[in-house]
Amino acid sequence: MVRTHSAGQALGAPVGRLEGMEKVTGTARYAAEHTPAGAVYAWPVPAAVPCGRVTAVHVAEALAELGAVAVLTHENAPRLGECDDPILWVLQDDQVPHRGWYVALAVAATPEAARAMAAAVRVDYETRDHDVVLTADHPGLYACEEANGGAEGTRVRGDFDASYGSAPVRVDATYTMSGLHNHPMEPHAATAEWDGGRLAVHDSSQGATTVQRTLAGLFGLAEERITVVSEHVGGGFGAKGTPRPQVVLAVMAALHTGRPVKLALPRAQLAAVVGHRAPTIQRVRLGAGEDGVITALAQEVVTQTSTVKEFVEQAAVPARVMYTSPNSRTAHRVAALDVPSPSWMRAPGEASGMYALESAMDELAERAGLDPVELRVRNEPGVEPDTGKPFSSRHLVGALHDGARRFGWYERDPRPRSRREGRLLIGSGVASSTYPVLMMASRAEARTEPGGLFRVRVNATDIGTGARTVLAQVAADALGAPLDRVGIDIGSSALPAASLAGGSSGTASWGWAVDKACRELRARLDEHGGEPPAAGLVAVADTAEELEKEAASPYAKHSFGAQFAEVQVDVDSGETRVRRLLGVFAAGRILNSRTARSQFIGAMTMGVGMALLEGSTMDPVFGDFAERDLASYHVPACADLPEIEAHWLDEDDGRLNPMGSKGIGEIGIVGTAAAIGNAVYHATGVRFRELPLHPDRILAGLGRFT
């Protein structure tokens, strides 16, 4: 498609968030803050064994608690209908597929009473042997047909083995990551109320339309009899990208008790029930000529899924996009273990896969005697390696060069362990990043209102990204109207149906529908001489047809970026801190410079956590994640990043959508962990291949601790 847009000035401007005042004054209402009259509260009971079945649930003590209303178990809970997601099949049978699976739900007059009731529920189990430990040679490994997103499990081009065997410069390294958890600030919560065969739900979700459709199947209702509101969402990072058990449990409890029910999942239970980034073991092999140009590339991923559903992190897929690689093998093998079901976590596939690939690229640069930036430039492909499609735009080289200039990259001494300040070793590293351009069909409505105002309605979800603001800017630009004359309604299934907020697809998907509706409304206004009739004008747009054509696009569409990091490593304590972090991105047209910078910086900060702090330990005996709160699962704070910068290139790509935009919410995390890991190598001269880089690992590598 060819992009056209008006001479409006809204897009690109650093507009502040339209809902900012509501959030800072506390008037913005989140899912758990809606309290219908007569509401009661629920608290789940998680399974206390790693695998088995429930043989009995004893509820008498729980029902004797002051304020007790009911206890739901698999014996008395409402029966659920159609559902294609087994993690929502809660309280339907006696099976326990993993520790933390919900086996009962306590309902009481107050949250405190519900918690006391849950603690008083006693459950008897018949246990089975469990397997929760992923290894590279696990006997249960199998080659998956598809990874997340529909990607082929295995892709082969050329003859990797022969080319790698004859390459004069080679890297063969294995990179390991533990499981990671999303931990949004707002826990997963829902409020459900039945009223005469109609259902109203407030849910902390990344897509109210998806929740509405899922509940319709589960409870046998027509979609139009269900209203799901997700007006304000306190973060998700993928964990709220699909409906989660809290909304199903709340609706079941409301149906069972005949009263409105509020349920906020306790933080300590989230690790087991709302998804996580699965651990990976990734072997990367790179073969190159003396000039550093890659002739052979293999990335073979071992990961895990649950016995409940298959989810395979597509970690090898970015290697199909990034570099010259005429002979390539990228594959995923997976073991189904007795663990909680993994799912989406910010930049699934890209974040974990690019950590391994970009670390291996740093090792290749050293062995080829090349600067790491120069190595990446030399391996810049002319077309997408896996498909042969031309890129709609690809300015990775520009991002690398601009980032190197801003960071002062070429001023460093490239020799490892060459810079020291007392007990601190100082180093710098670089990595590239990529993320696909994703879009999904959506609908939007634009209408005139009295006084020369406009109203735009679309069931988009603002998960903290500033979606309301950017969509209002898109509308103002398409209407040729001042921004303060455009109102925006989002976050309810009562609005025109739209896709979920995920995969950095939100703005591109919703924005296309908003742009189309507003341009149609503007055309109708022009037909009326610029003045709407007394009854007003309405335009409704659906982008299903456009997105169907996009599926057959002859272009490969991706965002790219480059991250640079400077770190200090304390040789006595093993503590690693990031001194400076800088990213430069090529992500289409930036629609709001303020919210975009916030998105880039937020994602890079999450990458710091991935590299240095975050990690979940699976207890092999109990079959449970050991870190289940923010005291034990550490995430970065402001003090962890004294200096962080985000920049971007002006990228004019008319083959994307009417706004010329690409997704930006996830690409910032993709290369950050590798840039930090590469900086740690430059600082210490020791190559660490397992994340997170906790002090004990650093000390062991330095020979200071065993």
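One is the number of the first residue; the rest follow in order along the sequence.
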**Fill in**
Test side chain to side chain contact (heavy atoms under 4.5 Å, CB included), reference P78, set V251, L218, V248, L255, output is L255
Show which side-chain atoms of residues 608-616 pair as donor or acceptor with protein atoms under 3.5 Å away, not counting sequence neighbours.
| from | atom 1 | to | atom 2 | distance (Å) |
| --- | --- | --- | --- | --- |
| E614 | OE1 | Y633 | OH | 2.6 |
| S616 | OG | H181 | NE2 | 3.0 |

**Prompt:** Between A189 and A31, what is the shortest heavy-atom contact and its length?
**Reply:** O-CB, 3.6 Å
**Contacts of type ring-ring contact (aromatic ring centres under 6.0 Å, His included), residue F585, not counting sequence neighbours** = F600
**Heavy-atom pair with the smallest gap, counting every atom of A587 and I664** = CB-CG2, 3.6 Å
**Item:** Set of residues satisfying salt bridge (charged side-chain N to carboxylate O under 4.0 Å, His left out) with respect to E627, sequence neighbours excluded
**Value:** none
**Residue pairs involving residues 81-92 (criterion side chain to side chain donor-acceptor pair (under 3.5 Å); sequence neighbours excluded)** = D85-K309
**Complete:** Note: A475 and V456 closest approach over all heavy atoms is CB-CG2, 3.7 Å
**R468: partners by salt bridge (charged side-chain N to carboxylate O under 4.0 Å, His left out), with sequence neighbours left out** = D462
**Prompt:** Considering residues at least two apart in sequence or located in another chain, which fulfil the side chain to side chain donor-acceptor pair (under 3.5 Å) criterion with S559?
**Reply:** none
**Prompt:** So do L88 and T242 actually touch side chain to side chain, heavy atoms under 4.5 Å?
**Reply:** no
**Asked** Taking atom types as modelled, is there a side-chain donor on T209 or R443 under 3.5 Å from an acceptor on the other?
**Response** no
**Prompt:** Are the side chains of H276 and P342 in touch, meaning some heavy atoms are under 4.5 Å apart?
**Reply:** yes
**Item:** L265 and L263, any side-chain heavy atoms less than 4.5 Å apart
**Value:** yes
**Request:** Mind checking salt bridge (charged side-chain N to carboxylate O under 4.0 Å, His left out) for D640 and listing every partner two or more places apart, or none if nothing turns up?
**Result:** R577
**Fill in**
The side chain to side chain donor-acceptor pair (under 3.5 Å) partners of S204 (sequence neighbours excluded) come to E186, K240
**Message:** Restricting to non-hydrogen atoms, name the atom on L221 and the atom on G197 that form the minimum distance, rounded to 0.1 Å.
**Reply:** CD2-O, 3.8 Å
**Asked** Is D195 atom CG crowded by more than 12 heavy atoms from other residues, nucleotides or ligands, each under 6.0 Å away?
**Response** no
**Prompt:** Which residues satisfy the side chain to side chain donor-acceptor pair (under 3.5 Å) test with D338, sequence neighbours excluded?
**Reply:** none
**Request:** For R267, check salt bridge (charged side-chain N to carboxylate O under 4.0 Å, His left out) against everything at least two apart and list the hits.
**Result:** none
**Fill in**
With sequence neighbours left out, the residues meeting side chain to side chain donor-acceptor pair (under 3.5 Å) with S433 are Q563
Enumerate donor-acceptor pairs with a distance under 3.5 Å from any side-chain N or O in residues 32-49 to protein atoms, sequence neighbours excluded.
| from | atom 1 | to | atom 2 | distance (Å) |
| --- | --- | --- | --- | --- |
| E33 | OE1 | Y30 | N | 2.9 |
| H34 | ND1 | H202 | NE2 | 3.4 |
| T35 | OG1 | K262 | NZ | 2.7 |

**Item:** Lys/Arg N to Asp/Glu carboxylate O, E313 vs R277, below 4.0 Å
**Value:** yes
**Request:** Could you check L438 against S504 for side chain to side chain contact (heavy atoms under 4.5 Å, CB included), going step by step and ending with a plain yes or no?
**Result:** CA-CA 7 Å; L438 302 176; S504 293; over 6 Å; no
**Request:** Mark yes when over 12 heavy atoms from residues, nucleotides or ligands other than L630 sit less than 6.0 Å from its CG; otherwise mark no.
**Result:** yes
